[in-house]
Number of protein chains: 2
Amino acid sequence: MTPAHEAHRLFFEIGMRERARYGQELAALGLTFQLAHALRLVGDEPRSMKELAELLVCDASNVTGIADRLEARGLVERRPAEGDRRVKLLALTPAGDELREQVLAIMLEPPAAIRSLSRDDQVALRDILRRAVGD
Amino acid sequence: MTPAHEAHRLFFEIGMRERARYGQELAALGLTFQLAHALRLVGDEPRSMKELAELLVCDASNVTGIADRLEARGLVERRPAEGDRRVKLLALTPAGDELREQVLAIMLEPPAAIRSLSRDDQVALRDILRRAVGD
DNA sequence: TATTGTTATACTCTATAACTATA
DNA sequence: TATAGTTATAGAGTATAACAATA
(Lines give C-alpha, C1' and ligand atoms only; values in the text may rest on other atoms or scores of the structure.)
Protein backbone atom coordinates (compact mmCIF):
# COMPACT_ATOMS: atom_id res chain seq x y z
CA MET A 1 0.00 0.00 0.00
CA THR A 2 1.47 3.33 -1.07
CA PRO A 3 1.76 6.27 1.33
CA ALA A 4 -0.94 8.08 -0.69
CA HIS A 5 -3.31 5.11 -0.36
CA GLU A 6 -2.71 4.70 3.32
CA ALA A 7 -3.05 8.44 3.91
CA HIS A 8 -6.36 8.30 2.08
CA ARG A 9 -7.57 5.38 4.17
CA LEU A 10 -6.74 7.21 7.40
CA PHE A 11 -8.29 10.38 6.01
CA PHE A 12 -11.49 8.51 5.23
CA GLU A 13 -11.57 6.93 8.68
CA ILE A 14 -11.27 10.29 10.43
CA GLY A 15 -13.90 11.71 8.09
CA MET A 16 -16.39 8.97 8.94
CA ARG A 17 -15.87 9.51 12.66
CA GLU A 18 -16.41 13.22 12.20
CA ARG A 19 -19.56 12.64 10.23
CA ALA A 20 -20.91 10.57 13.11
CA ARG A 21 -19.86 13.15 15.69
CA TYR A 22 -21.39 16.21 14.13
CA GLY A 23 -24.41 14.19 13.00
CA GLN A 24 -25.13 13.43 16.65
CA GLU A 25 -24.43 16.92 17.90
CA LEU A 26 -26.53 18.56 15.19
CA ALA A 27 -29.37 16.11 15.92
CA ALA A 28 -29.27 17.32 19.52
CA LEU A 29 -30.12 20.76 18.09
CA GLY A 30 -32.90 19.18 16.01
CA LEU A 31 -30.96 19.76 12.79
CA THR A 32 -29.87 17.50 9.97
CA PHE A 33 -26.59 18.11 8.19
CA GLN A 34 -28.35 19.71 5.23
CA LEU A 35 -30.39 22.11 7.35
CA ALA A 36 -27.31 23.04 9.37
CA HIS A 37 -25.32 23.55 6.20
CA ALA A 38 -28.07 25.74 4.71
CA LEU A 39 -28.20 27.75 7.92
CA ARG A 40 -24.47 28.35 7.68
CA LEU A 41 -24.69 29.51 4.08
CA VAL A 42 -27.70 31.78 4.58
CA GLY A 43 -25.97 33.39 7.52
CA ASP A 44 -23.07 34.76 5.55
CA GLU A 45 -25.54 36.99 3.71
CA PRO A 46 -29.13 36.71 2.44
CA ARG A 47 -29.29 34.26 -0.45
CA SER A 48 -31.79 33.71 -3.20
CA MET A 49 -33.26 30.22 -3.42
CA LYS A 50 -31.32 29.62 -6.60
CA GLU A 51 -28.04 30.73 -5.04
CA LEU A 52 -28.62 28.41 -2.12
CA ALA A 53 -29.30 25.50 -4.47
CA GLU A 54 -25.96 26.12 -6.15
CA LEU A 55 -24.11 26.35 -2.84
CA LEU A 56 -25.78 23.16 -1.59
CA VAL A 57 -25.08 21.46 -4.93
CA CYS A 58 -28.64 20.22 -5.23
CA ASP A 59 -31.62 20.76 -7.49
CA ALA A 60 -33.50 24.02 -6.96
CA SER A 61 -36.70 22.12 -6.18
CA ASN A 62 -35.15 20.83 -2.96
CA VAL A 63 -34.55 24.31 -1.64
CA THR A 64 -38.27 24.94 -1.32
CA GLY A 65 -38.53 22.16 1.26
CA ILE A 66 -35.33 23.13 3.03
CA ALA A 67 -36.51 26.73 3.30
CA ASP A 68 -39.95 25.53 4.43
CA ARG A 69 -38.46 23.51 7.27
CA LEU A 70 -36.16 26.31 8.39
CA GLU A 71 -38.98 28.84 8.12
CA ALA A 72 -41.42 26.63 10.03
CA ARG A 73 -38.95 26.68 12.91
CA GLY A 74 -38.58 30.42 12.72
CA LEU A 75 -34.92 30.28 11.72
CA VAL A 76 -35.12 32.02 8.35
CA GLU A 77 -37.63 34.16 6.49
CA ARG A 78 -38.39 34.65 2.82
CA ARG A 79 -38.08 38.25 1.69
CA PRO A 80 -38.87 39.79 -1.68
CA ALA A 81 -35.77 40.81 -3.61
CA GLU A 82 -35.45 44.28 -5.01
CA GLY A 83 -35.67 44.63 -8.75
CA ASP A 84 -36.99 41.15 -9.64
CA ARG A 85 -40.28 40.04 -8.20
CA ARG A 86 -39.60 36.40 -9.06
CA VAL A 87 -36.69 36.20 -6.62
CA LYS A 88 -37.02 35.45 -2.92
CA LEU A 89 -34.18 36.03 -0.52
CA LEU A 90 -33.63 33.84 2.52
CA ALA A 91 -32.45 35.72 5.57
CA LEU A 92 -31.75 34.64 9.13
CA THR A 93 -34.09 35.60 11.93
CA PRO A 94 -32.55 36.42 15.33
CA ALA A 95 -33.38 32.86 16.44
CA GLY A 96 -31.72 31.53 13.28
CA ASP A 97 -28.64 33.60 13.91
CA GLU A 98 -28.41 32.30 17.45
CA LEU A 99 -28.77 28.66 16.40
CA ARG A 100 -26.29 29.23 13.58
CA GLU A 101 -23.66 30.18 16.16
CA GLN A 102 -24.14 26.81 17.83
CA VAL A 103 -23.92 25.08 14.46
CA LEU A 104 -20.65 26.85 13.70
CA ALA A 105 -19.24 25.81 17.06
CA ILE A 106 -20.04 22.18 16.24
CA MET A 107 -18.90 22.22 12.62
CA LEU A 108 -15.70 24.20 13.13
CA GLU A 109 -14.52 22.18 16.12
CA PRO A 110 -11.48 20.18 14.98
CA PRO A 111 -11.81 16.38 15.22
CA ALA A 112 -10.42 14.71 18.30
CA ALA A 113 -7.84 13.04 16.05
CA ILE A 114 -6.43 16.44 15.06
CA ARG A 115 -6.70 17.91 18.56
CA SER A 116 -4.70 14.99 19.90
CA LEU A 117 -1.71 15.85 17.72
CA SER A 118 1.29 17.79 18.96
CA ARG A 119 1.45 21.45 18.02
CA ASP A 120 4.24 20.69 15.54
CA ASP A 121 2.18 17.97 13.89
CA GLN A 122 -0.84 20.26 13.68
CA VAL A 123 1.25 22.91 11.93
CA ALA A 124 2.82 20.34 9.60
CA LEU A 125 -0.60 18.89 8.79
CA ARG A 126 -2.00 22.34 8.04
CA ASP A 127 0.90 23.14 5.72
CA ILE A 128 0.62 19.87 3.84
CA LEU A 129 -3.13 20.26 3.42
CA ARG A 130 -2.64 23.81 2.17
CA ARG A 131 -0.36 22.43 -0.52
CA ALA A 132 -2.82 19.60 -1.20
CA VAL A 133 -5.69 21.95 -1.99
CA GLY A 134 -3.35 24.04 -4.08
CA ASP A 135 -2.76 27.17 -2.07
CA MET B 1 -7.42 30.67 13.41
CA THR B 2 -5.31 27.97 15.03
CA PRO B 3 -3.38 25.40 12.98
CA ALA B 4 -5.81 22.72 14.19
CA HIS B 5 -8.81 24.74 13.05
CA GLU B 6 -7.33 25.52 9.67
CA ALA B 7 -6.23 21.91 9.20
CA HIS B 8 -9.79 20.86 9.99
CA ARG B 9 -11.24 23.33 7.49
CA LEU B 10 -8.93 22.04 4.74
CA PHE B 11 -9.67 18.46 5.77
CA PHE B 12 -13.39 19.14 5.50
CA GLU B 13 -12.98 20.78 2.10
CA ILE B 14 -11.09 17.81 0.68
CA GLY B 15 -13.65 15.48 2.21
CA MET B 16 -16.57 17.29 0.55
CA ARG B 17 -14.82 17.16 -2.83
CA GLU B 18 -14.23 13.44 -2.37
CA ARG B 19 -17.82 12.85 -1.42
CA ALA B 20 -18.90 14.49 -4.68
CA ARG B 21 -16.34 12.53 -6.71
CA TYR B 22 -17.16 9.07 -5.49
CA GLY B 23 -20.86 9.92 -5.37
CA GLN B 24 -20.73 10.54 -9.11
CA GLU B 25 -18.59 7.53 -9.90
CA LEU B 26 -20.72 5.18 -7.80
CA ALA B 27 -23.87 6.57 -9.44
CA ALA B 28 -22.37 5.57 -12.79
CA LEU B 29 -22.40 1.99 -11.43
CA GLY B 30 -26.01 2.47 -10.31
CA LEU B 31 -24.98 2.48 -6.65
CA THR B 32 -25.54 4.88 -3.78
CA PHE B 33 -22.89 5.34 -1.14
CA GLN B 34 -24.76 3.17 1.35
CA LEU B 35 -25.21 0.29 -1.09
CA ALA B 36 -21.58 0.50 -2.14
CA HIS B 37 -20.49 0.58 1.49
CA ALA B 38 -22.65 -2.43 2.30
CA LEU B 39 -21.21 -4.28 -0.68
CA ARG B 40 -17.70 -3.59 0.60
CA LEU B 41 -18.52 -4.87 4.06
CA VAL B 42 -20.33 -7.99 2.91
CA GLY B 43 -17.42 -8.83 0.67
CA ASP B 44 -14.88 -9.23 3.42
CA GLU B 45 -16.88 -12.22 4.66
CA PRO B 46 -20.56 -13.19 4.90
CA ARG B 47 -22.32 -11.02 7.46
CA SER B 48 -25.52 -11.44 9.41
CA MET B 49 -28.07 -8.66 9.00
CA LYS B 50 -27.39 -7.55 12.55
CA GLU B 51 -23.64 -7.43 12.01
CA LEU B 52 -24.12 -5.36 8.89
CA ALA B 53 -26.37 -2.92 10.77
CA GLU B 54 -23.60 -2.45 13.34
CA LEU B 55 -20.95 -1.92 10.66
CA LEU B 56 -23.18 0.56 8.81
CA VAL B 57 -24.04 2.28 12.11
CA CYS B 58 -27.75 2.23 11.38
CA ASP B 59 -30.86 0.61 12.78
CA ALA B 60 -31.31 -3.07 11.96
CA SER B 61 -34.63 -2.36 10.26
CA ASN B 62 -32.81 -0.49 7.50
CA VAL B 63 -30.73 -3.51 6.59
CA THR B 64 -33.78 -5.36 5.33
CA GLY B 65 -34.24 -2.74 2.60
CA ILE B 66 -30.54 -2.50 1.81
CA ALA B 67 -30.33 -6.27 1.46
CA ASP B 68 -33.52 -6.27 -0.63
CA ARG B 69 -32.06 -3.77 -3.08
CA LEU B 70 -28.75 -5.59 -3.37
CA GLU B 71 -30.51 -8.93 -3.71
CA ALA B 72 -32.92 -7.60 -6.34
CA ARG B 73 -29.89 -6.73 -8.43
CA GLY B 74 -28.35 -10.13 -7.93
CA LEU B 75 -25.37 -8.80 -5.99
CA VAL B 76 -25.90 -10.61 -2.68
CA GLU B 77 -27.97 -13.51 -1.44
CA ARG B 78 -29.50 -14.35 1.92
CA ARG B 79 -28.32 -17.67 3.32
CA PRO B 80 -29.44 -19.50 6.44
CA ALA B 81 -26.83 -19.47 9.18
CA GLU B 82 -25.73 -22.67 10.84
CA GLY B 83 -26.78 -23.18 14.41
CA ASP B 84 -29.37 -20.38 14.70
CA ARG B 85 -32.36 -20.41 12.39
CA ARG B 86 -33.21 -16.79 13.18
CA VAL B 87 -30.01 -15.54 11.56
CA LYS B 88 -29.57 -14.84 7.85
CA LEU B 89 -26.15 -14.34 6.33
CA LEU B 90 -25.57 -12.02 3.43
CA ALA B 91 -23.02 -13.29 0.93
CA LEU B 92 -21.78 -11.92 -2.37
CA THR B 93 -22.80 -13.52 -5.64
CA PRO B 94 -20.19 -13.68 -8.43
CA ALA B 95 -21.81 -10.55 -9.95
CA GLY B 96 -21.64 -8.85 -6.56
CA ASP B 97 -18.00 -9.75 -6.19
CA GLU B 98 -17.22 -8.32 -9.61
CA LEU B 99 -19.05 -5.05 -8.92
CA ARG B 100 -17.42 -4.85 -5.52
CA GLU B 101 -14.01 -4.78 -7.19
CA GLN B 102 -15.09 -1.71 -9.15
CA VAL B 103 -16.42 -0.12 -5.97
CA LEU B 104 -13.10 -0.72 -4.23
CA ALA B 105 -11.21 0.85 -7.13
CA ILE B 106 -13.36 3.98 -6.77
CA MET B 107 -13.35 4.17 -2.99
CA LEU B 108 -9.68 3.37 -2.45
CA GLU B 109 -8.41 5.80 -5.08
CA PRO B 110 -6.66 8.64 -3.20
CA PRO B 111 -8.16 12.12 -3.72
CA ALA B 112 -6.55 14.32 -6.37
CA ALA B 113 -5.45 16.62 -3.54
CA ILE B 114 -3.36 13.83 -2.02
CA ARG B 115 -2.08 12.53 -5.35
CA SER B 116 -0.86 16.02 -6.21
CA LEU B 117 1.47 16.09 -3.19
CA SER B 118 5.17 15.31 -3.41
CA ARG B 119 6.25 11.87 -2.29
CA ASP B 120 7.78 13.37 0.86
CA ASP B 121 4.54 15.17 1.70
CA GLN B 122 2.54 11.99 1.13
CA VAL B 123 4.78 10.11 3.55
CA ALA B 124 4.66 12.92 6.11
CA LEU B 125 0.87 13.11 5.80
CA ARG B 126 0.53 9.37 6.29
CA ASP B 127 2.74 9.45 9.37
CA ILE B 128 0.86 12.36 10.94
CA LEU B 129 -2.52 10.73 10.26
CA ARG B 130 -1.27 7.48 11.79
CA ARG B 131 -0.47 9.39 14.94
CA ALA B 132 -3.81 11.22 14.74
CA VAL B 133 -5.84 8.02 14.78
CA GLY B 134 -3.68 6.70 17.58
CA ASP B 135 -1.53 4.04 15.98
C1' DT C 1 -38.11 -13.67 28.19
C1' DA C 2 -34.72 -12.11 24.81
C1' DT C 3 -33.04 -11.87 20.03
C1' DT C 4 -33.17 -11.78 14.70
C1' DG C 5 -35.18 -10.18 11.09
C1' DT C 6 -39.33 -8.06 9.06
C1' DT C 7 -43.12 -4.84 8.40
C1' DA C 8 -45.56 -0.44 8.98
C1' DT C 9 -45.05 4.26 9.41
C1' DA C 10 -43.06 8.74 9.07
C1' DC C 11 -39.60 12.22 7.95
C1' DT C 12 -35.65 13.95 5.25
C1' DC C 13 -32.88 14.27 1.05
C1' DT C 14 -32.66 13.75 -3.66
C1' DA C 15 -33.97 14.16 -8.76
C1' DT C 16 -37.24 14.90 -12.75
C1' DA C 17 -41.07 16.98 -14.78
C1' DA C 18 -44.83 20.13 -15.01
C1' DC C 19 -46.67 24.38 -13.40
C1' DT C 20 -46.96 29.83 -11.96
C1' DA C 21 -45.55 34.30 -12.04
C1' DT C 22 -42.66 37.04 -13.56
C1' DA C 23 -38.93 38.82 -16.91
C1' DT D 1 -39.09 32.54 -24.71
C1' DA D 2 -36.45 32.13 -20.52
C1' DT D 3 -35.96 32.22 -15.45
C1' DA D 4 -37.21 31.82 -10.17
C1' DG D 5 -39.65 29.35 -7.38
C1' DT D 6 -43.23 25.82 -6.47
C1' DT D 7 -45.67 21.47 -6.65
C1' DA D 8 -46.21 16.55 -7.66
C1' DT D 9 -44.07 12.37 -7.70
C1' DA D 10 -40.79 8.80 -6.83
C1' DG D 11 -36.83 6.40 -4.73
C1' DA D 12 -33.41 6.04 -1.06
C1' DG D 13 -31.80 6.54 3.81
C1' DT D 14 -33.08 7.03 8.45
C1' DA D 15 -35.58 6.00 13.06
C1' DT D 16 -39.30 4.04 16.10
C1' DA D 17 -42.62 0.68 17.20
C1' DA D 18 -44.92 -3.66 16.69
C1' DC D 19 -44.66 -8.34 15.05
C1' DA D 20 -43.29 -13.50 13.89
C1' DA D 21 -40.10 -17.03 14.39
C1' DT D 22 -36.68 -18.79 17.08
C1' DA D 23 -33.63 -19.06 21.03
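Every chain is numbered from 1 and lettered A, B, ... according to where its sequence line falls, protein lines coming before strand lines. Worth knowing before you read on, the calculation uses all heavy atoms, side chains too, and leaves out hydrogens, waters and symmetry mates.
For D:dT3, its base sits under 3.5 Å from the side chain of A:Arg86 at one donor and acceptor pair at least. For B:Thr64 against C:dT7, no side-chain N or O and base N or O form a donor-acceptor pair under 3.5 Å. If you check distances only, the side chain of B:Ser61 does reach the base of D:dT16 with a donor-acceptor pair under 3.5 Å.
A:Ala91 approaches A:Arg79 most closely through the heavy-atom pair CB-CZ, 3.5 Å.
Rounded to an integer number of Å, the gap from A:Leu31 CG to C:dT12 C1' is 13 Å. One can place CD of A:Glu71 at 18 Å from C1' of C:dT12, the figure rounded to the nearest angstrom. For the pair B:Lys50 NZ and C:dT6 P, the computed distance is 14 Å after rounding to whole Å. Atom CZ of A:Arg73 is separated from atom P of C:dT12 by 10 Å (rounded to the nearest Å). If you measure from atom CG of A:Leu89 to atom C1' of D:dG5, you get 12 Å, rounded to the nearest angstrom. Spacing between atom CG of A:Asp59 and atom P of D:dG11 amounts to 17 Å, rounded to whole angstrom units. For the pair B:Gln34 CD and C:dC13 C1', the computed distance is 13 Å after rounding to whole Å. Straight-line distance from the NE2 atom of B:His37 to the P atom of D:dG13: 12 Å, rounded to whole Å.
Residue B:Asp84 is in sugar-phosphate contact alone, with no base atom involved, counting any heavy-atom pair closer than 4.0 Å across all strands shown.
The closest side-chain donor-acceptor pair between B:Ser118 and B:Asp120, if any, does not fall under 3.5 angstrom.
A:Arg78 is listed as a side-chain neighbour of A:Leu90, based on a closest heavy-atom distance under 4.5 Å.
Partners of A:Arg131 according to the side-chain hydrogen bond (donor to acceptor under 3.5 Å, both in side chains) rule, which considers only residues two or more places apart in sequence or in another chain, are B:Asp121.
The shortest distance between the side-chain N/O atoms of B:Arg78 and the OP1/OP2 oxygens of C:dT6 is below 4.0 Å. For the pair A:Arg85 and D:dA4, the criterion of a side-chain N or O lying under 4.0 Å from OP1 or OP2 is not met.
Sparse packing is recorded around CD of B:Gln24, with 12 or fewer heavy atoms of other residues, nucleotides or ligands lying under 6.0 Å away.
Positionally, the nearest nucleotide of DNA chain C for B:Gly65 lies more toward the 5' end than for the other of A:Leu56 and B:Gly65.
With distances taken from any side-chain atom of A:Val87 to the nucleotides D:dA15, D:dA4, D:dT22, the minimum falls on D:dA4.
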